[in-house]
Amino acid sequence: MSRYDPAVTEPKWQKAWDEAGTFRARRDQRPKYYVLEMFPYPSGDVHMGHVRNYLIGDVIARLHLSRGYDVLHPMGWDALGLPAENAAIRDKRHPAERTAENVRTFKKEMRRLGLSYDWSREINTSDPETYKWSQWFFLKFRERGLVYRRYAQVNWCPGCKTALANEQVKDGLCERSGDVVEKRRMPEWAFRITQYSERLLQGLDQLTEWPEEVRKKQRNWIGKSEGAKLFFDVVGSDERIEIFTTRADTVYGCTYVVVAPDHPILERIVPAERRAAVEAFAKDQARKAAKKRHDEELPKEGIDTGAKVRHPFTGEKLPLWAANFVVADYGTGAVMCVPAHDERDYEFAQVYGLPLRIVIRPEEGALDEPLQAAFTEDGVLADSGPYTGLRSAEARAAIARAAEEGGFGGPAVTYRQRDWGISRQRYWGTPIPIVYCERCDPEGEGISVPYEDLPVRIPPINVAEVLTGTGEPPLAKVPEFVHTTCPKCGGPARRETETMDTFVDSSWYFARYLDPHNDEVPFTREVADRWLPVDVYIGGPEHATMHLLYFRFWTMVMHEMGMVPEPEPVKRLINQGIVNGPDGRKMSKRWGNVAGATEICERYGADAARTFVMFAGPPDKDIDWSNEKVEGCARFLQRVWRLAWKNHAHAGVAAPAAFEGRALEIRRAAHRTLHVVTEDYDRLSMNTAVARMMELVNFLLPIEPETDAEKAALAEAVRLLATMLSPVAPHIAEEILEAYGASRSVLETGWPEADPALLVEERRRYVIQVNGKLRGEVEVPAEAGEAEVRAAAEADAKVRPHLEGKTVRKVIFVKDRLMNFVVG
RNA sequence: GCCCGGGUGACGGAACGGUAGACGUGGCGGACUUAAAAUCCGCGGCCCGCGAGGGCGUGAGGGUUCGAGUCCCUCCCCGGGCACCA
């Protein structure tokens, strides 16, 4: 077979691996290695943009298998969720049907690409035996006080009469109906992830093998802010308003206080004659906030509530305003305003004619008065009672301390991160395992479904009737689902009709792979101890904050529950770049620039496609798909094949006692390549690893061996080449090794070590510079020292002219690299 | 506005502070062929020079260094994230 035909060879090895169970994780004596890729939502078509993720994981998994690890490399399906439900609404097919179909397609393509999954561990989040455990966790979390019911702002589409996820809102409009989305306060279930904000933040310091970018994004998202809280008593009431500030040093400059328009305290403290106006203002602001585009900043508007508050330090009466620039769910929903030293407060004070008081002055120089803008920098306090003269930093500490001693505040920390709302008015999700019974639970807090009654199954439905995309939550339209009996009194009760955010399922799925068929517990502690944490996790950077934070949170809770050995789920994280179409735009049907996996594998072979994806660039950078370049990779593989083919007859030639001359050079080249390729793989530089292998092929291919030593050296080189190529292009590698007499898969024979004796050079090239400019090159014995290199350099015909007539002031000698003459 | 990335030949990309452009794609020239495909050989940053050679060159400008694509400062452009966050 002088030409390699992937269409024959690739299926042959895929079948062989399957039959031998090569990818089964075994739990034997070998050290463990858990490779995980973020599991997909199985969509209808599989294109090369989807699969880069899996290919990177596959190269890592195969490399570790070859190196003698017990590798766990599972795959599953994030099958619940919006895309499936929207598709179902569109074409009136049950999402389960479509999902099953898509899973079959995905598996077929993954197999065709030669991905090394242990399919005996496959999981699917739409399987009741899997989502049962999401419900189990929900109840466990509830027992731990981590689940609560709250009223929160949700995106509400008035046309569809349903809440929408943020992803469904495009530029303030409903993705489906085009209606203007409103913010509406609705009850929902939420997880107290903010109880873990500090731990999530602290934990990042230990995640040294995560991309710095992701850690920064998470830090940013958590948004820890240190400052002080201060209480402002409401005049003529025993209520008080708590504010949060990072600039307690400016407190003497506070001339008014502002609360969010919908701050609950307003109901209790606004004087009767102002109440109507303040309520109207709040309504108007809610409407405007709902309409505004996400990135738009509204003009500052406010209203004097008529209530007064007392300055905690001066006792002065200050006006209390409500205004749109204060957000209800950050900090305390109330701020002290210091127009002289805060840009927002300044702007607002200008609009409404509120007074301004300077209490911070720069350490050097003076302020332009009257102020044209807020002076927001730190400085020295002025007109600030006992704190006058202190620097900002000292004053912040002193004022917070004083507030604490006086019982009207103290140091405080606030986080930007919010609790995690998980309620979705959707059908195709994990039902929240709660029932409502008017007799046992008159407050409507919800009664947990007993563990033995799990799973609460997603009921079968008539798709056309229930999944209309409008009206009540779909499950509310299924009477057999809604009507149930109360677990406490046995009387009639109603089920919760909301389902969970799918991020719940993806927060713990990685642990279910360890024990996918267990029906007693989600997984045992024993398997968790064996496999966790995940050694390497590969996925897109778009999950840096959402999924990866939920996932860490969940693991911390599981750790506290004693289920897993460590509080962090993943040691090493890799963010893979996007695969764009040939036009540089993200691969998508919309642009008509997709490279279908089926088509590509049929045209070029899986190995060529895999090689291209690895060779096109480092894993974390975006790449552009190019059929021409895939062809280039196919050509390279043909060259590898030709090299193997022409030297095939030498596979059995016995190695002589010693190699010299060209035979030695062949061995040196092969072992040197093995050495650097191994290093490249270790630092995930697959693109340069492939380049090194191309160089080796370019060197070996023209050689026509004459002696037995050369023949044996070439045969060895081919074997080594096939082995190092095997993580990237496994099919052709196996085929070559088999032809060269291997009786077992390369995945079982172990990773070769480069012979150190062959890595040592006899002669060494030195670059010679004069004043930092390249002037020549000399070759000396490898052990030569500075004196010998200098002698050779000074004797060099190209270097000499640059030294003549000059004084050598200094000579820089870098062993094995260069010599630089500094002359004047 | 704030926080991350990133700017290197026609293109994708290489380069522990030490020969800039490895490897590949495309291009050009040639060999083989009746022809094409496949394959093989050669050329390939810019400027000057017949040549040997010399000068310039990693977004712009400055700095540190014997030596800077790489480190530091200022700025420009592109991509991404967050955003009335007190």
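So that the names make sense, note that chain A is the first sequence line, chain B the second, and so on, each numbered from 1. For the numbers below, each heavy atom of this structure counts, side chains included, while hydrogens, waters and symmetry mates do not.
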Report task. May I have the distance from A:M694 (atom CE) to B:G13 (atom C1'), rounded to whole angstrom? Result -> 12 Å
Query raised in the report: Given the C1' atoms of B:G17 and B:C72, what is the spacing between them in whole Å?
Result: 13 Å
**Report entry** P spacing across the pair B:A14 / B:G63, given as an integer number of angstrom
**Finding:** 31 Å
Query raised in the report: Which value, in whole Å, describes the distance between the P atoms of nucleotides B:C11 and B:G45?
Result: 14 Å
Report task. Name the nucleic acid region contacted by A:P618, choosing base, sugar-phosphate or nothing; use a 4.0 angstrom heavy-atom cut-off, strictly under. Result -> sugar-phosphate
Query raised in the report: Out of B:C84, B:C40, B:C23, which nucleotide sits closest to the side chain of A:N698?
Result: B:C23
Query raised in the report: Does the separation of the ring centres of A:Y352 and A:W321 fall below 6.0 angstrom?
Result: yes
Requested in this report: Identify the nucleotide, in any strand shown, that forms a Watson-Crick or G-U wobble pair with B:A35, with both distances under 3.5 Å; if there is none, say none.
Outcome: none
Query raised in the report: Can you tell me if the side-chain N/O atoms of A:K773 get under 4.0 Å from OP1 or OP2 in B:A68?
Result: no
**Report entry** Near-ring test A:W625/A:F612, centroid separation under 6.0 angstrom
**Finding:** yes
Query raised in the report: Reckon A:G632 touches a base, only the sugar-phosphate, or nothing at all at heavy-atom distances under 4.0 Å?
Result: sugar-phosphate
Requested in this report: Pull up the glycosidic torsion of B:G9 and say syn or anti, syn being anything within 90° of 0.
Outcome: syn
Query - Euclidean distance for C1', B:G62 against B:A68 (whole angstrom) - result: 14 Å
Report task. Identify whether any heavy atom of A:V822 sits under 4.0 Å from a base atom; if not, whether one sits that close to sugar-phosphate; answer base, sugar-phosphate or nothing. Result -> sugar-phosphate
Query raised in the report: Which is true for A:R418 with a 4.0 Å heavy-atom rule: it touches a base, it touches only sugar-phosphate, or it touches nothing?
Result: base
Requested in this report: Look at A:R416 and B:A83 and indicate whether a side-chain polar atom (N or O) is within less than 4.0 Å of OP1 or OP2.
Outcome: yes
Query - Atom-pair distance (CE on A:M686; P on B:A14), nearest Å - result: 13 Å
Query raised in the report: Checking all strands, does A:V326 fall into the base, sugar-phosphate, or nothing category for heavy-atom contacts under 4.0 angstrom?
Result: base
Query raised in the report: Roughly, in whole Å, what's the span from CG in A:D622 to P in B:C11?
Result: 18 Å
Report summary line: Applying the 3.5 Å cut-off to both distances, the Watson-Crick or G-U partner of B:G79 turns out to be B:C4
Query raised in the report: In whole Å, what separates the P atom of B:C4 from that of B:U74?
Result: 13 Å
Report task. Please check the phosphate of B:U25 (OP1 and OP2 only) for any side-chain N or O of A:R635 closer than 4.0 Å. Result -> yes
Query raised in the report: Looking only at side-chain N and O atoms, does A:R639 come under 4.0 Å of OP1 or OP2 in B:C40?
Result: yes
Query raised in the report: Looking at A:W210, does the NZ or CZ of A:R572 lie under 6.0 angstrom from its six-membered ring centre and within 45 degrees of the ring axis?
Result: no
Query raised in the report: Whole Å only: how far is the CD1 atom of A:I623 from the P atom of B:C23?
Result: 21 Å
Please tabulate the protein-to-nucleotide N/O contacts below 3.5 Å involving nucleotides 15-22 of chain B, giving atom names and distances.
unit_1: B:C16; atom_1: N4; unit_2: A:R817; atom_2: NE; d: 3.3
unit_1: B:G18; atom_1: N2; unit_2: A:Q769; atom_2: OE1; d: 3.2
unit_1: B:A22; atom_1: O2'; unit_2: A:E695; atom_2: OE2; d: 3.0

Query raised in the report: Between B:G54, B:C85, B:A86, which nucleotide gets closest to the side-chain atoms of A:R775?
Result: B:G54
Query - Distance between P atoms of B:C56 and B:G61 (Å, rounded) - result: 14 Å
Query raised in the report: Taking atom C1' of B:A83 as reference, at what distance in whole Å does atom CG of A:D329 sit?
Result: 14 Å
Query raised in the report: If the C1' atom of B:G54 is compared with that of B:A38, how far apart are they to the nearest Å?
Result: 44 Å
Requested in this report: Examine B:A86: is either OP1 or OP2 under 4.0 Å from a nitrogen or oxygen in the side chain of A:H341? Give yes or no.
Outcome: no
Report task. With P as the reference atom in both, quote the distance from B:A37 to B:C47 in angstrom, rounded to an integer. Result -> 32 Å
Report task. May I ask you to verify whether the side chain of A:K217 and the base of B:C3 hold a donor-acceptor pair under 3.5 Å? Result -> no
Query raised in the report: Taking atom P of B:U8 as reference, at what distance in whole Å does atom NZ of A:K621 sit?
Result: 9 Å
